[in-house]
Colleague: 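Before anything else, here's the structure in question.
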Amino acid sequence: MSEFYEGIHEKCAVSAVVTTEEQAAPLVYEQLFSMQHRGSYASGMASILPDGNLRTHRDLGTVPDVYSEKSIRALEGNMTIGFNRYPTSGAPDKHPGPFKDNAIGFAMAHNGNLPLTDRLDKFLERYNISTGQYNDSEKMGLTVAQFLRQGQELPDAIDMAFHYFRGSYSCVAMHDGMVVAFRDPKGIRPLALGSFDGGIAVASETCGLDIIDANYDREVEPGEMVIITKDGVESKRFADSDEEKLDMFEFVYFARQDSVLYGQRLNEVRRRFGQQLAKEHPPATDDQANVLVVPIPDTSIPAAEAYAQALGLEERSAIIKNRFIGRTFMADNDRLRNRQLRRKHSIIDEDVRGRDIVFIDDSIVRGNTMPRLVRLATEVGAKSVSVLIASSPVRFPDFYGIDTPEQSELMAANLTVEQMRQKIGCKYLGFLSLDGMVSATGIDYEKFNLSCFNGEYPIGIGALKAQIKKPISMEFAE
């Protein structure tokens with residue numbers, strides 16, 4: 001997703017494996033590798049060793065960078081949890097995960113975000129714990145740890161601690177021979193439960209189960225904790241859940257295309273986004289043979305393919321993205337700025353020259369990348385360039401585990417669609433309507449968190465609400 005590399009990222013991936021015989025850490029490594037897209041700043045694992053002690057390995061970097069054969073072998077034992085981090089709370093070069101308390105043999109990993117931590121702060125201050133140095137995930141871990149120190153078992157400690165958690169969380173925690181997977185009462189972030197011969201597995205996405213040949217059994221339900229030991233699995237409800245509100249951005253971008261959410265394969269849902277785009281925004285030209293549909297790599301590819309197929313148009317991957325960009329430097333002239341653009345995205349000139357191009361992307365956030373791509377296509381000879389977005393306009397910040405820019409930096413919050421079109425420099429700009437986007441999933445409207453699109457926050461955000469301003473336009477969301 002081109003725009004999101006300049007503005008929005010998902011927070012983390014969590015995983016866990018409990019086996020009856022084999023070492024769990026190599027399986028968790030595979031899970032984390034398969035969910036690298038959910039967080040690439042840091043990775044970590046924690047294992048309960050055969051002697052009952054806790055051992056962790058955590059570092060900055062991607063999964064292949066962080067672990068070696070030696071470090072994985074050292075995480076011996078049949079119970080391991082894992083964590084990939086993208087930072088939305090705290091400095092990116094600090095706060096490695098999973099959270100650990102070696103003295104009591106406790107570890108926990110958290111996907112999501114707590115926009116309000118005042119209750120956690122007050123609780124921890126009772127134990128003379130200064131909270132300024134900790135992020136939200138660490139405060140959660142510290143709180144659960146206090147109840148463990150009081151002699152509570154892990155499920156009871158979580159049951160007592162969750163009253164202080166105000167936000168979204170899908171977590172795995174480990175202590176005293178058990179793993180507990182639990183999810184906030186709205187289910188903002190996914191958490192999949194699976195099984196394989198000789199073990200139980202948990203992962204933020206089903207692709208984290210597929211990679212270790214685990215069967216996808218079900219999602220951990222909102223407000224549920226799943227208690228996993230070597231003897232089996234037990235379910236316990238720690239909070240009532242009157243409605244599930246899975247984040248729509250899991251469908252738009254975050255989850256991998258081969259994962260399953262709400263019983264839907266993500267690849268197929270994204271194809272239906274493209275089919276709905278075809279209904280709402282067919283090309284306004286009599287010369288259909290000259291139209292070329294071009295996806296902006298990578299998440300928009302299924303939508304672009306389905307859009308072209310629905311309208312009988314040609315589709316080609318004429319934009320190439322370099323995944324190993326490295327640093328870019330300040331450029332003081334157009335020639336150098338163009339060179340920087342080509343470093344990240346290049347275009348196959350022969351494909352677009354003389355054609356009416358329809359770029360399809362999954363979202364626009366700040367609006368930095370798309371104007372450059374339109375300009376690049378125009379410079380190499382495109383006859384015209386239109387832009388279609390396979391989601392609704394992003395007009396509101398997220399507080400549940402997505403690193404969104406401030407609302408003042410969200411293009412669609414501060415410009416009308418026509419003003420956006422002019423700034424991007426394209427012939428036509430169209431978004432998927434909010435109703436069309438939801439209907440394409442095949443899931444009821446009420447089962448989604450749509451806060452980035454409509455400003456309705458299913459979990460209270462307290463004083464942060466004062467930061468939210470009325471967008472200049474609500475086109476495609478009304």
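Just so it is clear, the model here is predicted, and its values are computed rather than measured.
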Colleague: Establish, from distance only, whether the side-chain atoms of Q146 and R126 form a donor-acceptor pair under 3.5 Å.
Modeller: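 Side chains of Q146 and R126: no pair found under 3.5 Å.
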Colleague: For a side chain to side chain contact (heavy atoms under 4.5 Å, CB included) check, start with the C-alpha distance between L432 and Q276, then their side-chain angles and the critical distance, and finish with the verdict.
Modeller: CA-CA 7 Å; L432 195 56; Q276 185 65 28; 3.4 Å; yes
Colleague: Check the pair L120, T131 against side chain to side chain contact (heavy atoms under 4.5 Å, CB included), reporting the backbone distance first and the verdict last.
Modeller: CA-CA 9 Å; L120 286 169; T131 60; over 6 Å; no
Colleague: Can you tell me how far CZ of F431 sits from CE of M437, rounded to the nearest 0.5 angstrom?
Modeller: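 Here the interatomic distance stands at 11.5 Å.
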Colleague: Does any donor atom in the side chain of Q407 or R395 lie under 3.5 Å from an acceptor atom in the other side chain?
Modeller: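 Result is no, nothing qualifies.
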Colleague: Keeping T143 on the side-chain end and K139 on the backbone end, is there a donor-acceptor pair under 3.5 Å?
Modeller: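 Here the side-chain-to-backbone pair exists.
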Colleague: A cation-pi test, strictly: NZ or CZ of K100 under 6.0 Å from the centre of the six-membered ring of F106 and no more than 45 degrees from its axis. Yes or no?
Modeller: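 Not flagged: K100 not positioned over aromatic ring of F106.
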Colleague: Taking all non-hydrogen atoms of both residues into account, name the closest pair between N111 and S204 and its distance.
Modeller: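 Taking every non-hydrogen atom into account, ND2-OG, 4.0 Å.
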Colleague: Quick one about H37 and E205 (side-chain donor to acceptor, distance below 3.5 Å, no hydrogens or angles considered), yes or no?
Modeller: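 Checked: E205/H37 side chains pair up, N/O donor to acceptor below 3.5 Å.
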Colleague: Nearest 0.5 Å please: distance from the CG atom of L410 over to the CG atom of D398.
Modeller: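 Rounded to the nearest 0.5 Å, the CG-CG separation comes out at 10.5 Å.
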Colleague: Would the distance check show the side chain of Y457 and the main-chain N or O of K465 forming a donor-acceptor pair, the cut-off being under 3.5 Å?
Modeller: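 Such a contact is absent between Y457 side chain and K465 backbone.
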Colleague: For the OG1 atom of T299 and the CG atom of L266, what is their distance to the nearest 0.5 Å?
Modeller: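 CG of L266 is found 10.0 Å from OG1 of T299.
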Colleague: When you compare the side chains of Y307 and H281, does any donor N or O come within less than 3.5 Å of an acceptor on the partner?
Modeller: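 No, no side-chain donor-acceptor pair sits under 3.5 Å.
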Colleague: N84 and S43: side-chain donor and acceptor closer than 3.5 Å?
Modeller: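 A donor-acceptor contact under 3.5 Å links the two side chains.
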Colleague: F162: what forms a ring pair (Phe, Tyr, Trp, His ring centres under 6.0 Å) with it, not counting sequence neighbours?
Modeller: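 If we apply the ring pair (Phe, Tyr, Trp, His ring centres under 6.0 Å) test to F162, skipping adjacent residues, the hits are F238.
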Colleague: Partners of D217 by side-chain hydrogen bond (donor to acceptor under 3.5 Å, both in side chains), sequence neighbours excluded?
Modeller: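 S195.
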Colleague: CG of L32 to SG of C12: how many Å apart, nearest 0.5 Å?
Modeller: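 If we round to the nearest 0.5 Å, L32:CG and C12:SG are 11.0 Å apart.
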Colleague: So, D210 and R256, do they make that salt bridge, N to O below 4.0 Å?
Modeller: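 Not counted as a salt bridge, because no side-chain N and carboxylate O are separated by less than 4.0 Å.
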Colleague: If every non-hydrogen atom of P283 is compared with every non-hydrogen atom of L313, which pair is closest and at what distance?
Modeller: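 Here P283 and L313 meet closest at CG-CD1, 3.7 Å.
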Colleague: Strictly below 4.0 Å, N to O, side chains only: are E125 and K122 in salt-bridge contact?
Modeller: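 No, no charged N to carboxylate O under 4.0 Å.
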Colleague: Under 3.5 Å, side chain of E30 to main-chain N/O of F33, donor-acceptor pair present?
Modeller: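 No.
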Colleague: Is any NZ, NE, NH1 or NH2 atom of the basic residue among K186 and E244 found under 4.0 Å from an Asp or Glu carboxylate oxygen of the other?
Modeller: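 No salt bridge links K186 with E244.
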Colleague: Between S170 and R183, is there a donor-acceptor pair closer than 3.5 Å when you use the side chain of the first and the backbone of the second?
Modeller: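 Judged by distance alone, no pair lies under 3.5 Å.
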Colleague: Hey, does the side chain of K427 reach the backbone of D356 with a donor-acceptor pair shorter than 3.5 angstrom?
Modeller: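 It does not hold such a pair.
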Colleague: Anything under 30° is parallel, anything over 60° is perpendicular, the rest tilted; go ahead and classify F249 against F254.
Modeller: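 It falls in the tilted class, 30° to 60°.
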Colleague: Should R316 and E314 count as an ion pair when the cut-off is N to O under 4.0 Å?
Modeller: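 Here R316 pairs with E314 in a salt bridge, since their nearest N and O are under 4.0 Å apart.
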Colleague: Which is it for D258 and R265 under the salt bridge (Lys or Arg N to Asp or Glu O under 4.0 Å) test, yes or no, and what are the steps along the way?
Modeller: CA-CA 6 Å; D258 56 337; R265 183 75 65 180; 5.8 Å; no
Colleague: Taking atom types as modelled, find out whether N113 and S168 have a side-chain donor-acceptor pair closer than 3.5 angstrom.
Modeller: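 S168 and N113 do not have a side-chain donor-acceptor pair below 3.5 Å.
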Colleague: Can a donor-acceptor pair be found, under 3.5 Å and without considering hydrogens, that links the side chain of S300 to the backbone of I360?
Modeller: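 Indeed, once roles are kept as given, a pair shorter than 3.5 Å links the two residues.
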Colleague: Measuring from atom CG of D247 to atom CG of N449, what distance do you get when rounded to the nearest 0.5 angstrom?
Modeller: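 Between atom CG of D247 and atom CG of N449 there are 4.5 Å.
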Colleague: Nearest 0.5 Å, what's the CD1-CG distance between I389 and L277?
Modeller: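 I389 CD1 to L277 CG: 8.5 Å, rounded to 0.5 Å.
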Colleague: Less than 4.0 Å between a side-chain N and a carboxylate O, is that true for E224 and R237?
Modeller: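 No, this pair does not count.
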Colleague: Does either side chain, that of E280 or that of S433, offer a donor lying less than 3.5 Å from an acceptor on the other one?
Modeller: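 E280 vs S433: donor-acceptor pair found between side chains.
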Colleague: Under 3.5 Å, is there a donor-acceptor pair between the Q422 and E418 side chains?
Modeller: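 There is such a pair between these side chains.
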Colleague: Can any side-chain N or O of S391 pair as donor or acceptor with the backbone N or O of D362 at less than 3.5 Å?
Modeller: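 Here the side-chain-to-backbone pair exists.
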Colleague: Going by atom types alone, do E250 and Y253 pair a side-chain donor with an acceptor below 3.5 Å?
Modeller: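 Judged by distance alone, the side chains do not pair up.
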Colleague: Applying side-chain contact (heavy atoms from CB on, under 4.5 Å) between I228 and each of V180, I200, V17, report the one that passes.
Modeller: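 With I228 as partner, side-chain contact (heavy atoms from CB on, under 4.5 Å) holds for just one option, I200.
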Colleague: Main chain of T441, side chain of R272: is a donor-acceptor contact present, judged purely on distance under 3.5 Å?
Modeller: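 Yes, the answer is positive, given that a donor and an acceptor are paired below the 3.5 Å cut-off.
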Colleague: Might you point out which heavy atoms bring T56 and A46 nearest each other, and give the distance in Å?
Modeller: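 Heavy-atom minimum between the residues: CG2-CB, 3.5 Å.
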Colleague: Evaluate Q257 against R270 for side chain to side chain contact (heavy atoms under 4.5 Å, CB included), listing each step before the verdict.
Modeller: CA-CA 8 Å; Q257 288 170 209; R270 289 168 185 163; 3.1 Å; yes
Colleague: Testing the basics here: between V144 and A161, what is the closest heavy-atom pair and its distance to 0.1 Å?
Modeller: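 Heavy atoms only, the tightest pair is CG2-CB, 3.8 Å.
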Colleague: With a 6.0 Å cut-off on ring centres, are F396 and F453 close enough?
Modeller: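 Centroid distance F396-F453: not below 6.0 Å, so no.
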Colleague: Between N454 and E456, what is the shortest heavy-atom contact and its length?
Modeller: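 That would be OD1-N, 3.0 Å.
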Colleague: Between the side chain of T206 and the main-chain N/O of L209, is any donor-acceptor distance below 3.5 Å?
Modeller: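 The answer is no, because no donor-acceptor pair under 3.5 Å joins these two groups.
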Colleague: R271 side chain to A304 main-chain N or O, any donor-acceptor pair under 3.5 Å?
Modeller: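 No; judged by distance alone, with no hydrogens or angles, the pair does not exist.
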Colleague: Measure up the Y127 and F123 rings against each other and bin them: parallel (under 30°), tilted (30 to 60°), perpendicular (over 60°).
Modeller: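 Taking F123 first and then Y127, their aromatic rings sit tilted (interplane angle of 30° to 60°).
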